[in-house]
Structure formats: structure tokens, C-alpha cells
Amino acid sequence: MPRKVVSGPDCDDDYDDYDEYDDDYDEYDDTRYGNDQHPVQKEKESLKKSSTMVPVHWTCSMCTFNNHESMTYCEMCGVFHETFVKSAKNGSLKDAVGAASSEPRASAAPKTDSAKTAMKTRGVHSDNDSARKHASTPCDKANSTQLPSAGSSLSAGKKKKTPVVSEEIPVERTALLVPNHFQLKNDRSGGASSSLQNDYVTQKLSSDISQLNVDKNNVNVTKPCLPEEYKPEKWMLADQESGVLSQLNLAIVGHVDSGKSTLSGRLLHLLGRISRKDMHKNEKESKEKGKGSFAFAWAMDESSEERERGVTMTVGVAYMETKKYRVVLLDSPGHKDFVPNMISGATQADAAILVVDASTGSFEAGMDGEGGKSVGQTKEHAQLIRSFGVEQLVVAVNKMDAVAYSKERFEFIKLQLGSFLRSCNFKDSAITWIPLSAVENQNLIKPPSDACLTSWYQGFCLLDAIDSLQLPSRDVTKPLILPICDVIKSQSTGQLAAFGKLETGAIQNGSKVLVLPCGVEATVKNIERDTNSCSVARAGDNVAVSLQGIDGNQLIPGGVLCHPGFPVAVANRLELKILVLDIAIPILVGSQVEFHIHHVKEAARVTKIIALLDKTGKPSKSAPRFLNSKQNAVVQVALDGAVCVQEFSKSRALGRAYLRSSGRTIAVGVVNRVILVPTPGQ
Ligand code: GTP
Ligand code: MG
């Protein structure tokens, strides 16, 4: 039976139309900025000046940038200078890093109850077979407070607590210093901690996180390593355990009421994942409530509110097996109000099924919104899914029974939607089109029986289309990164477990992991796939991980489990490369936005518009005054709270970001540079 991983409705308004997207982030290059605006360029200029007398430089082996001799790392790409690496290898890295940070180490503060309160409000549910739903996630918490506009009380309150930070810390060092900063924070905020606790419930995730008191003796003390030093162990590389199918994370997306939950429930039922007893119960109860047509959808929509409203509100997770894969179904909400929940859940997808309602008027609403005046979630979800890096799509043209299995209608939909998908950078060859009916069980797990449909369609059924998907390459050779999607109660251990998809690396029982942002090192006690314990999980696996050596309250959705020697950054000031979607109000310096990244949402402010980029990614104008629809640009954002993040070039999962405002996604982008880590008291 499914479980819910993300909850908390976002009340969003209409969504803007957009039809152009460029996912080609890899071509981005810092050196293309305008001269006078980019901080790196500025530093470069000043270094040039200061070195005109005695031009002593070292050339970066990675990007060939000439750095001043005083720099221990490359200004351009962050790679350490050879001599620094050598000294690190000789055992002096700690000293070097220590020298890089002028902050003294702090002692740990006593434990408080604030984190425990958080878990109570998060409402971890029972460990039985029914779905587990959490009342509060990072999204919820950010939602629970209005985005601070200039002068709002929240924003004013925040400002008081935020010290001025002027030094930019290069990303390599920020990653290395994270645990220390969290220690420092606990120490320095010392006396203020109790007043901060009082604000606890209304503060956002990062504020909650910052209140966690870390036991000094338990804080990660493993010496951080350089990325190139990572060597995966043999067991990590093994392709798969014998007899275990590869895991495919499959997002089910599409416009509201297109039949996503019905289709998911029907598939689970056909594949024997829903017992007769449960199905009978759903049929009986849905009929009694006058919602008989939702019987299959109820297998995914388990909360009373979802059932009452006939609308999915949070992503439902369920497991099924095909010939080729152990599939993790991520049934997304289609309603425009719940796009943030869809982002948090579907961001784990390897591939997606875009469900389209074929019936007259409904397909059109999914494309152009009600009344044809905005954008429907067929388009919006397709766009977002592509920006998550998903390349393979199955388009399930559902409710074909409502159009008498008309070939013309199917072809019409294929033509209209196909051209939009192309504009989103989906390749024709990566899209499979399947006409089907979830309600009439046509073309789901076997070829259709309806004569009208068989008269013109002889292609794949849905299950075959799923098996024809290719697994994306899994990065098991990189250090562990597991963004925490949710914190659930493990069925095997009964204790709180971090639930999410391993983006890179591998873990096994006994592995040491660093839990960020609290900075506590813990040991893997148990790994659960679906409801079964397993000994190893590798990149791509969606698992629940129980840990030893950490208070369950220190596990927080939006946090990250990573290799203790290779911590990811925890930062609140970022440089992004963005594509602005269709917007009514231009983006200005000072614009307040919601910043979304993996499973976190933070209030943020655009602090700089560094450059406009042309189609090739080169700067076409430096420091424009504002950004308009469909423009590519490099901007800096300051977040109200710190998030676990990596540059996109280092981690795709932790490096994709979305800016939203007034319920609309206004820009999609990638993290180009991690600028700041939080400082004490922030
Ligand atoms: P959200 O999650 O709220 O976006 O909705 P959804 O896409 O999950 O749709 P859901 O499965 O809740 O179904 C919405 C309605 O469409 C229900 O009344 C279903 O019975 C109906 N429906 C689903 N599939 C079919 C189909 O194949 N044919 C017909 N005629 N109706 C269908
Ligand atoms: Mg649904």
C-alpha cells in the first residue's frame, strides 16, 4: 500500500504560461560575465592590479585560470592549488582549513526540546500498512508563514537576528566547514536560544534546524577530504544484489482529474499490490460517500480530506514490480495549488508518466487552463519534470472511453502536446504515446480488448512502455548523497528513519553517514526498501534509513545524509543561472521569491542581477535593471535560512532550483555557485 511522503497544501493562484525552456546548463561558464559586475571578475581585476608589479600566479589544473599565488584554491572553479593538496595529503589539511576559517571552535550547548516539538508537529504516523502522512514539511513550514515582503514583520524579525556577513567563502571550503559553523552557532547564540525556541513553531525549516543543539562529542570530526580523493569500496560498485530488480522511480504527473491516482491504483490492483479486502473496502466506502468513481484513486488518496475533496494533495508513494523493474510510483497532485508538493516528490523521478485526459474540453484545459487563458498543469508538469532532468516520458492518453477510443482525438492530442513537449526539449524518440482507459482497464498491463481501439492501435500497453524505459546512469562511484524527503517510522526498527532517494553513492548496514545540516555523524542501522529490510542501497534506490547515534529529531526533511568525509554545503547565499518563465511582473533586485530546492522551500530575495545571457549562454548584458519573460540570466539570491546545496556541476540533485512567487513558478534554474555558509546567530 502506498505511503505519503510530502504533505501540506500550498495555496497557489494561477500559473503562468510558458513554452520555452533551455536545459543546457552544462555550457555555463563564469568567465563570460560582464567585467564590472561579477564579484569574481572584480576580485580578478583587483588581483590583476596588485600583481602588476610582481606577476606571480599559479594556473589551475582544472580550468586553467591564473590565480594569485596567495590563493590556496582556484577563484574560478574552487579547485585547490596543488601545494595545498599536497600539504593536505601530508596530514596538514586540518591546519590549512583551520587557518582558512578565522572562527574558533565552540563548545556544544545543552539539548533543548525544540526539535522534539518539531517532530510532534510533523506527526509521524503508525507503522502499519496504511499511508503515512506528515502534517509539516519544510514546504509546509515555509507556507505557514507568508513570504516576507519588504517591511513585513517576519522579515523585520529575521533581520534583527541576521548578522552582517561580508566575506565570501569559496564553495570547497564552505563544504568543509559546515559542521564547525553549526557548532559555532550553537555556542554563540548561547543565551538567545530560549527566545528563539519560543518562535520555533512559526520559523522556517532552517531556523528550526539552527536551533538543534549538537552534542559536541557527537559532531562529525572526520577530516574532510578533497573530492578527487574519494574511492568507492568494492561492495558499492556491485551492480545489484542477485534476484533484486533495479529500482525505477516513476513520477505520475498531469493536470488535475486526468486520472493519475485512478491509473496508479488500477495498476497496483492488476499487479496484485492491493488485497481483495482493501479493494472491496474502497469500493464500498467510496460508493457510500457518492464517490464511487474514485474507488481506485482511493488506493493512493488515503487521507479523509483528499477523499472528501476528490483531489490528491500530496505525493503518494507505492511500489510495484514489472518484468524489468521494481517501480516506485510517485503519484503527484495535479491541482495547481499543490505544485510545490509535486516539485518535492517528483524531483526524485528517473522517468515520468504524463497522464492526459482525452475527453472533450479536458485536454484543452490541461494545456491552456480553464477558459484557455492561463496554463494547465499538463504543460506545467511537463516543463517541471524536464527541468528535474527527466528525459523519458510516457504520455498516457487516458479516458479514451469518453471519446469512443477515437483515433482522430488521439492523433490531435499527440500533435498538440507533442509540439509543446518538443519545445521543452523532450526528444520525440524519448516519448511513448499510449491510448488507454484506466476505468475500463484498456491497454494497461495487456493489449486492449476494445474493438474500436484495436482497429487502429497495435502498439505497447502501458506496462510494456514502462519496461521499455531505460534506467538513467547511477552514480555509485561518487560519495553518498541522500536528500531527506521525509522522516518516517521504520516498520522494521520502529524508530524514525530518513526516507529518500540515494542520488549518489551507496550505504550498507554499519556505514557511517554525516547528517546535515545538524552535522552529526551516525551509523546506518537498517535499510528498508518498501517494507522489506535490505543490507545495501545504491544510487537510484528509494529507501528508509534508520540510524544509530543520532536523535531522531535531528533528522529533518530537506536535510541530507552524506559521506562524513565529503559533506555537502549548507548555504544561504547562492548564485543561480535561471530561465525566467512567462511572468507578469519583472524580476528586480530586491524581489521577494520562494526558493525551492530538492525537498526544501525557503523565503529568499534577489540580491543581484549579474548578467543577461544569450541563447548560447554568453553574457549579453551585464547588470540589467530587471528580468522579463523568457530571459536567461545569472542572479544572486539571499535565503532567509540555510539549505543543503551543491553546485549543479557537482550534484544535479542538490543543484536544481526553482523560484516561485504568488503561487507561480517564475523561473527554473541551477546553482552556479555557493557563496556563503551561515554564520553564528544567523
Ligand atoms: P488529482 O490527483 O487530484 O490531480 O486527480 P487525478 O489525476 O489523480 O484523477 P483521479 O484519479 O482522482 O480521477 C478523477 C476522475 O476521473 C475520477 O472520477 C475517475 O473515475 C475519473 N477517471 C479516471 N480514469 C478514467 C478513465 O479512464 N475514464 C473515465 N471515463 N474516467 C476516468
Ligand atoms: Mg490523484
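Index from 1, following the sequence. Remember, it's 1-based here, ligands and their atoms both numbered in the order they're listed. No experiment lies behind these values; they were computed from the predicted model shown.
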Which residue supplies the protein heavy atom nearest to [atom], what is that atom called, and how far is it?
atom                    : value
atom 9 (O) of ligand 1  : Gly259 N, 3.2 Å
atom 2 (O) of ligand 1  : Thr312 OG1, 2.8 Å
atom 12 (O) of ligand 1 : Phe294 CE2, 3.3 Å
atom 13 (O) of ligand 1 : Thr262 OG1, 3.4 Å
atom 25 (C) of ligand 1 : Val439 CG2, 3.3 Å
atom 20 (O) of ligand 1 : Ser293 O, 2.7 Å
atom 30 (N) of ligand 1 : Asp401 OD2, 2.9 Å

Exercise. Are a donor atom and an acceptor atom from the side chains of Tyr405 and Glu440 found within less than 3.5 Å of each other?
Worked result: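 Judged by distance alone, the side chains do pair up.
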For this session: Verify the ring-centre separation between Phe410 and Phe363: is it less than 6.0 angstrom?
Result: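 Centroid distance Phe363-Phe410: not below 6.0 Å, so no.
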Problem set entry | N/O/S atom of Thr312 inside 2.8 Å of the Mg ion (ligand 2), strictly under |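 Yes - counting backbone and side chain alike, Thr312 has an N, O or S atom under 2.8 Å.
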Exercise. Hey, is there an N, O or S on Thr262 sitting under 2.8 Å from the Mg ion (ligand 2)?
Worked result: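 Coordinating: no.
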Would you mind finding which of [options] brings a heavy atom closest to [atom]?
atom                    : options                        : value
atom 14 (C) of ligand 1 : Asn398, Thr314, Asp257, Asp301 : Asp257
atom 26 (C) of ligand 1 : Gln442, Lys399, Arg307, His381 : Lys399
atom 4 (O) of ligand 1  : His255, Lys260, Met400         : Lys260

Exercise. Do any nitrogen or oxygen atoms of Leu263 come within less than 3.5 Å of a nitrogen or oxygen of ligand 1?
Worked result: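 Checking ligand 1 against Leu263, no N or O pair falls under 3.5 Å apart.
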Problem set entry | Candidate list Asp541, Asp350, Thr347, Asn542, test side chain to side chain donor-acceptor pair (under 3.5 Å), partner Lys501, passing option |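 Among Asp541, Asp350, Thr347, Asn542, the one meeting side chain to side chain donor-acceptor pair (under 3.5 Å) with Lys501 is Asp350.
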Within the 4.0 Å heavy-atom shell around [X], which atoms of ligand 1 are there?
X      : value
Val256 : 3 (O), 4 (O)
Ser261 : 2 (O), 6 (P), 8 (O), 11 (O)
Val311 : 3 (O)
Gly334 : 1 (P), 2 (O), 4 (O)

[X] versus [Y]: any side-chain heavy-atom pair under 4.5 Å?
X      : Y      : answer
Leu436 : Asn398 : yes
Ile466 : Met320 : yes
Glu283 : Trp298 : no
Thr378 : Ser258 : no

Backbone N or O of [Y] within a donor-acceptor pair of the [X] side chain at under 3.5 Å?
X      : Y      : result
Arg386 : Asn425 : yes
Asn341 : Met313 : yes
Asp331 : Met300 : no

Exercise. Could Arg309 and Glu305 be called an ion pair, given the rule that one side-chain N must be under 4.0 Å from one carboxylate O?
Worked result: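 A salt bridge is present here (some side-chain N lies under 4.0 Å from a carboxylate O).
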